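Reckoned from all heavy atoms, side chains included, excluding hydrogens, waters and symmetry mates. Predicted model, so just to flag it, every value in this text is computed and none were measured.
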Amino acid sequence: MPTRHPAPRHFDVPRYRDFYRTMWRIRLFEEAAIRAVTDKLVLGAIHPSIGQEAVAVGVCGNLAREDALLSTHRGHGHTLAKGADSLAMMRELFGREGGTCHGKGGSMHIADFGVGMLGANGVVGANIVIAVGAAHAIRLKRENRIVCCLFGDGAINRGPFLEGLNWAGVWQLPVLFVCEDNGFAASTRTRAMTAGEGPAARARAFGIAAEEVDGNDAVLVDQTAQRLIGEVRGGGGPRFLVARTYRLSGHTGVDPAAYRPKEEVEAKWRDDPIARLGAALISAGLAQDELEADRRAAYAEMERAYATAREAPWPPQRRAFEDVQDAGDPRVAAF
């Protein structure tokens with residue numbers, strides 16, 4: 001049984017019930033996506049974020065629709081939490097017409113500019129410098145919006161992490177960096193390959209204020225992200241949040257994660273962020289039947305998305321020639 005976590009003071013029941021719904025939507029989308037890999041409806045790799053849902057809702061729940069979001073190869077939850085349509089997302093994973101990127105992005109490059117989701121990224125750390133570029137563009141255009149960039153703890157050992165944070169710090173750009181610290185870089189424990197005191201210390205070395213939170217506590221993530229985003233939006237420059245969490249699934253949809261002790265994973269399941277938030281909502285007065293209704297609604301939504309995507313047509317051939325940049329190509333001028 002999960003540990004009982006009473007609702008904190010000033011607990012916003014409607015807000016956190018909405019978070020609870022979204023967390024179940026993320027969890028069940030991921031489970032449907034894993035099933036699609038088994039059923040050979042998704043032919044590429046997917047990277048589930050099961051167990052990390054509190055970070056997605058707690059951070060994205062404080063972003064405006066026009067704010068920009070940059071994600072990782074593990075980006076389904078972030079995309080859903082930012083407001084993307086689950087049916088269009090599932091079509092995208094299946095490579096079908098009607099996907100958010102017309103079936104051309106798939107899981108690791110899913111994007112939805114309509115909700116400010118600028119894209120997941122299959123290259124670890126590459127989204128960090130893209131986020132900083134977007135933030136610099138916002139500064140130059142004097143727009144009243146910010147950028148949020150999520151990445152895993154493995155990314156802090158990549159060059160783009162250092163380059164991106166340095167540039168954001170030099171120009172005091174409007175960007176919130178969020179490190180989803182799940183303890184693993186793919187199948188390797190991050191601490192075994194990381195010198196020094198970790199991500200927060202590295203951010204502070206660039207003069208960027210950094211905080212660490214329990215990333216399985218949706219309320220704490222929400223309250224901390226709300227404050228940091230307010231500081232960024234108010235012109236305070238970049239901020240850095242480390243959310244310590246745990247990936248309950250394997251690195252990919254077919255990874256059995258045999259590199260982790262069974263006892264460790266079982267203990268982490270007892271700290272399931274969805275169960276924690278559910279317990280807090282019950283402590284605040286909601287009935288178990290109400291929460292179960294939310295789970296069932298999320299399940300029905302994802303089953304509908306799965307069935308719809310499975311029957312959706314393949315993109316027409318002309319899609320291959322759309323969204324291709326040719327500006328500056330010398331061949332264009334030559335002909």
Side-chain angles (χ1 to χ4, degrees), residues 12 15 18-19 22 26 54-72 74-86 88-89 92 100-101 105 109-121 125-151 155 160-161 163-180 203 206-211 213 215 218 221-243 323 325:
D12 187 336
R15 177 176 179 81
D18 187 58
F19 276 24
T22 303
I26 294 169
V55 182
V57 298
V59 172
C60 295
N62 290 286
L63 296 173
R65 188 180 183 88
E66 59 270 18
D67 290 333
L69 179 71
L70 275 299
S71 183
T72 71
R74 202 178 308 282
H76 303 154
H78 309 148
T79 309
L80 274 169
K82 190 63 167 69
D85 178 68
S86 61
M89 285 180 61
E92 186 60 35
T100 57
C101 304
H109 298 280
I110 197 165
D112 187 346
F113 286 13
V115 298
M117 170 42 171
L118 301 189
N121 203 300
N127 59 326
I128 299 173
V129 286
I130 297 172
V132 171
H136 206 134
I138 287 171
R139 168 64 56 79
L140 292 173
K141 295 166 73 174
R142 299 183 180 181
E143 294 175 342
N144 184 29
R145 58 196 186 107
I146 70 166
V147 178
C148 177
C149 180
L150 295 110
F151 48 88
F161 174 85
E163 296 170 18
L165 265 66
N166 181 67
W167 196 253
V170 167
W171 291 96
Q172 289 295 287
L173 297 176
V175 56
L176 172 67
F177 298 105
V178 180
C179 178
E180 289 183 296
F206 288 102
I208 298 174
E211 297 192 29
V213 297
V221 175
D222 173 51
Q223 294 173 346
T224 307
Q226 184 178 64
R227 175 166 46 79
L228 295 178
I229 287 171
E231 293 170 2
V232 174
R233 203 180 299 282
R239 293 292 187 272
F240 195 97
L241 175 63
V242 182
D323 308 314
Q325 180 177 330

message: Rounded at 0.5 Å granularity, tell me how far CZ in Arg233 sits from CD in Gln226.
response: 11.0 Å
message: Nearest 0.5 Å, please: how far is NE2 in His78 from CG in Leu63?
response: 11.0 Å
- request: Start with the C-alpha gap between Val178 and Val55, add the side-chain angles, then the distance that decides, and say whether side chain to side chain contact (heavy atoms under 4.5 Å, CB included) holds.
  value: CA-CA 9 Å; Val178 180; Val55 182; 4.2 Å; yes
- prompt: What is the minimum heavy-atom distance between Ala218 and Val57, and which atoms define it?
  reply: CB-CG2, 4.4 Å
- prompt: What pairs with Asp323 under side chain to side chain donor-acceptor pair (under 3.5 Å), at least two apart in sequence or on another chain?
  reply: Lys104
Approximate separation, where rounding is to 0.5 Å, of His76 NE2 and Met89 CE: 6.0 Å
- line: Between the CD atom in Glu92 and the OG1 atom in Thr79, the distance rounded to the nearest 0.5 Å is 10.5 Å
- prompt: CD1/Ile26 to CG/Leu80 distance, rounded to the nearest 0.5 angstrom?
  reply: 6.0 Å
message: Does any part of the side chain of Leu241, heavy atoms only, come nearer than 4.5 Å to the side chain of Thr224, both counted from C-beta?
response: yes
task: Taking all heavy atoms of Thr72 and all of Phe151, pick out the closest pair and write down the distance.
output: CG2-CA, 3.4 Å
message: Do Leu150 and Leu69 make a side-chain contact, defined as non-hydrogen atoms from C-beta onward lying under 4.5 Å apart?
response: yes
- request: Give the C-alpha distance, both sets of side-chain angles, the deciding distance and a yes or no for side chain to side chain contact (heavy atoms under 4.5 Å, CB included) between Leu70 and Val147.
  value: CA-CA 8 Å; Leu70 275 299; Val147 178; 4.2 Å; yes
task: Measure up the Phe177 and Phe240 rings against each other and bin them: parallel (under 30°), tilted (30 to 60°), perpendicular (over 60°).
output: tilted
statement: When every non-hydrogen atom of Gly125 is compared with those of Pro160, the smallest separation belongs to O-CB, 3.2 Å
message: Which heavy atom of Ile146 sits nearest to which heavy atom of Asp67, and what is that distance?
response: N-OD1, 3.0 Å
field: Residues forming a side chain to side chain contact (heavy atoms under 4.5 Å, CB included) with Glu143, sequence neighbours excluded
entry: Ile138, Lys141, Arg145
- request: State, to 0.1 Å, how close Asn127 and Cys149 come at their nearest heavy-atom pair, and which atoms those are.
  value: ND2-SG, 3.5 Å
- request: Looking only at non-hydrogen atoms, find the nearest pair between Gly215 and Ala54 and report the distance.
  value: O-CB, 3.3 Å
message: Strictly below 4.0 Å, N to O, side chains only: are Arg227 and Glu211 in salt-bridge contact?
response: yes
query: Quick one: do Asp112 and Lys82 make a salt bridge, cutoff under 4.0 Å?
result: no
- request: Before giving the answer on side-chain hydrogen bond (donor to acceptor under 3.5 Å, both in side chains), spell out for Trp171 and His136 the whole-Å C-alpha distance, their side-chain angles and the decisive distance to 0.1 Å.
  value: CA-CA 8 Å; Trp171 291 96; His136 206 134; 4.6 Å; no
message: How long is the straight-line distance from CE of Met117 back to SG of Cys60, given to the nearest 0.5 Å?
response: 8.5 Å
